[in-house]
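Here is the structure we will look at.
Quick note on labels: first sequence line is chain A, next is B, and so on, each numbered from 1. When reading the values below, keep in mind they use all heavy atoms of this one structure, side chains included, and skip hydrogens, waters and symmetry mates.
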Number of protein chains: 2
Amino acid sequence: MARVRLIDVAERAQVSMKTVSNVVNGYAHVQPQMRARVQAAIDELGYRPNLTARRLATGRTGMIALAMPEIDHPYFGEMASHLAEIALQRGYRVIIEQTLSDAEAEKAVLQDREAGLVDGVIFQPTRMATLDIARLHDDLPLVLLGEVDAPVTTDHVMIDNVAAARDGVSHLISLGRRRIAFLGLVDGDITMTNHRRLLGYQEALDDAGIRPDPGLVLTTAGFDRHDADDAVDRALDGGLAFDAVLCRDDRFAAGALTALQRRGRRVPEDVAVMGWDDSAITAYTSPTLSSVAPDKRQLAANAFDLLHERMQGHHGPGRHMVVGHGISVRASAPAR
Amino acid sequence: MARVRLIDVAERAQVSMKTVSNVVNGYAHVQPQMRARVQAAIDELGYRPNLTARRLATGRTGMIALAMPEIDHPYFGEMASHLAEIALQRGYRVIIEQTLSDAEAEKAVLQDREAGLVDGVIFQPTRMATLDIARLHDDLPLVLLGEVDAPVTTDHVMIDNVAAARDGVSHLISLGRRRIAFLGLVDGDITMTNHRRLLGYQEALDDAGIRPDPGLVLTTAGFDRHDADDAVDRALDGGLAFDAVLCRDDRFAAGALTALQRRGRRVPEDVAVMGWDDSAITAYTSPTLSSVAPDKRQLAANAFDLLHERMQGHHGPGRHMVVGHGISVRASAPAR
DNA sequence: CAGAATCTTTACAGCGCTGTACATTGTCGA
DNA sequence: TCGACAATGTACAGCGCTGTAAAGATTCTG
């Protein structure tokens with residue numbers, strides 16, 4: 001059987017299409033008896049509105065896209081979950097777009113891919129420079145997530161990575177650690193994020209009167225957890241001495257944990273380990289992982305709010321929102 | 001500036017709309033020079049097709065929905081990632097729908113929510129009975145994931161949970177364990193899955209001539225990781241002796257690990273632990289987690305294939321596909 | 001070289017819905 | 001009792017695209 005259309009309901013109820021439309025959309029000025037008659041016809045025929053047609057007529061899709069590197073990364077999974085929940089409350093649905101940190105895929109997100117499909121995009125770029133983003137996105141409402149260099153025309157939401165790194169390192173210092181490594185420079189990674197985290201790392205050391213040792217900044221070959229593992233291995237092989245390490249994300253921290261324990265270092269006694277993201281991983285490791293904790297819910301909420309304003313027609317220069325963060329203290333770097 | 005439409009390009013290139021449409025869609029019989037002329041106009045104006053309009057005209061959306069309980073559960077995250085990849089290769093995009101194991105949300109997935117929005121749905125139900133599903137889904141192409149009771153009209157893909165549980169338990173038996181617990185009956189959980197896993201559990205014990213002890217089947221209060229933790233705690237408090245445990249998923253296994261280690265049990269020496277799903281979690285725990293490993297990629301691939309046939313117009317009774325599984329051996333239940 | 005066969009291109013209806021403008025009915029005050 | 005004004009309901013264009021049928025252009029036969 002063919003799908004039931006608005007006009008079928010209208011015929012059955014002996015009214016105009018528009019009246020049926022009004023009932024479906026809860027328009028206020030419809031007589032109760034008329035509403036009941038139409039509703040009866042709807043129920044009898046099992047009518048469901050065709051959303052595609054509605055979209056074409058209204059020009060809004062009621063969907064937003066969330067474009068991120070990997071959906072099975074815990075941080076992004078949690079962000080997606082929060083955003084989907086917030087969006088749903090506000091009458092929007094979320095399409096999740098995986099870029100796998102591929103430059104082409106990121107470009108596609110802003111171009112053809114979403115055209116006319118979504119009302120707006122929330123995008124965590126990793127490969128594209130802000131300027132290219134600004135050039136491509138035309139008038140599609142867009143909000144960026146994460147640290148971004150010089151975003152003049154585009155809204156974006158982030159945490160204060162300098163302060164967060166400083167807080168993370170300060171926590172380690174408060175435990176009496178002095179030789180604090182930073183694990184997470186990735187070969188060929190061009191993002192601003194690490195730069196700012198390193199800044200905070202240095203500031204915290206400075207504040208405590210500790211002279212930074214460049215050898216303590218560890219570089220990994222890739223983004224995989226095992227790359228962190230390898231980097232720690234190499235550092236230990238090279239005789240590097242350290243009593244704490246701040247990692248770029250929880251996966252790296254889990255890798256570091258493994259490597260350290262394999263080499264007989266006790267965590268946290270010999271080396272305190274601090275992750276970043278405060279993701280579900282922190283609960284699975286042994287010891288559980290202390291972690292720098294971006295306020296993910298707020299991140300998602302603010303990104304949605306900014307996007308919503310743009311979708312309502314707001315124009316103007318890019319706005320920047322900074323969201324809070326905390327330090328989730330667990331066993332790998334306990335309270336002193 | 002308003003969006004560029006097909007007709008704008010047509011005017012600029014001095015051709016009919018349809019010719020532009022043919023160029024955009026790569027239709028074969030267009031003269032090269034004509035194609036070039038149209039393409040030039042497209043480029044000059046920066047034309048992008050409006051997907052909503054195309055959908056309304058063609059009747060297909062090019063999207064499928066994946067509805068699952070939680071997207072930030074590692075198993076589902078990985079399934080989503082696989083499916084998105086497979087679908088993309090075949091020219092489809094995936095909308096992810098979170099039901100949070102809520103009966104209303106599950107119902108919504110099959111009803112209004114997706115109407116006219118997607119060409120088909122892949123759905124992992126947890127609350128709805130198959131009969132209700134069959135009743136609701138009308139002619140929307142649908143494929144179910146996971147164990148399902150008596151699905152006569154609906155396609156579905158699953159692993160052989162009986163055999164998988166048997167293999168998991170057999171592995172533990174091969175390590176010399178005799179007192180093997182099963183962790184994962186959840187209060188009020190009505191799914192078929194556990195029933196079948198328990199069957200496999202019993203079969204393996206039978207085969208080895210071990211008399212099953214009902215006390216070894218542990219029940220948790222909920223689906224959270226901490227519920228597993230608590231259940232193990234209670235079992236130990238109650239003086240239950242066991243030397244191995246098979247868990248319903250890796251999160252539960254992680255919880256069990258924590259509880260056991262907190263109570264001074266060594267894993268795997270005193271108690272071997274086996275997870276289920278072979279998710280990323282297995283790498284984060286210490287020791288790393290052995291796990292029953294459904295072939296997730298195959299699960300996603302088969303589900304897509306079945307759905308694809310339905311979307312192509314295939315009718316007929318529900319088909320059932322069983323996908324392979326393995327045992328991923330890691331440190332928590334090593335090879336003997 | 002006429003007529004058939006094939007290749008290109010065009011015109012236009014229609015996908016299912018909503019927005020707008022207008023027609024109809026009912027209500028109320030003077 | 002009548003006009004003014006709101007409250008309801010209707011007719012129809014149009015959102016941007018593609019499918020269909022048919023016209024026009026070109027090439028191929030005998």
Is it true that a side-chain atom of [X] and a backbone atom of [Y] form a donor plus acceptor pair closer than 3.5 Å?
| X | Y | value |
| --- | --- | --- |
| R55(A) | L56(B) | no |
| N25(B) | Y27(B) | no |
| Q98(B) | I71(B) | yes |
| S21(B) | M17(B) | no |

Round to a whole Å and report the spacing from [atom1] of [X] to [atom2] of [N].
| X | N | atom1 | atom2 | value |
| --- | --- | --- | --- | --- |
| R3(A) | dC17(C) | CZ | C1' | 12 Å |
| Y27(B) | dG19(D) | OH | P | 11 Å |
| R55(A) | dG19(C) | CZ | C1' | 19 Å |
| R5(A) | dC17(C) | CZ | P | 8 Å |
| N22(B) | dC7(C) | CG | P | 15 Å |
| R54(B) | dG19(D) | CZ | C1' | 14 Å |
| D8(A) | dC15(C) | CG | C1' | 14 Å |
| M17(B) | dC15(D) | CE | P | 11 Å |

Quiz item: How do V30(B) and A53(A) order along DNA chain C: which one's closest nucleotide is nearer the 5' end?
Solution: V30(B)
Is the phosphate of [N], meaning OP1 or OP2, less than 4.0 Å from a side-chain N or O of [X]?
| X | N | answer |
| --- | --- | --- |
| Y47(A) | dC17(C) | yes |
| H29(B) | dT8(C) | yes |
| S21(A) | dC17(C) | no |

Quiz item: What do you reckon, is CG of L100(A) surrounded by more than 12 foreign heavy atoms closer than 6.0 Å?
Solution: yes
Let's see if you can work this out: which of [options] has an atom nearest to the side-chain heavy atoms of [X]?
| X | options | value |
| --- | --- | --- |
| K18(A) | dC17(C), dC17(D), dA11(D) | dA11(D) |
| N25(B) | dT18(D), dT10(D), dC15(C) | dT18(D) |
| L56(B) | dT10(D), dG16(C), dG14(C) | dG16(C) |
| A57(A) | dT9(C), dT18(C), dT8(D) | dT18(C) |
| S16(B) | dG14(D), dT8(C), dA11(C) | dA11(C) |

Exercise. For M34(B), report the nucleic acid contact type (base, sugar-phosphate, nothing); a contact means any heavy atom under 4.0 Å.
Key: sugar-phosphate
Practice problem: Would you indicate what T58(B) reaches in the nucleic acid, counting non-hydrogen atoms under 4.0 angstrom: base, sugar-phosphate, or nothing? | Solution: sugar-phosphate
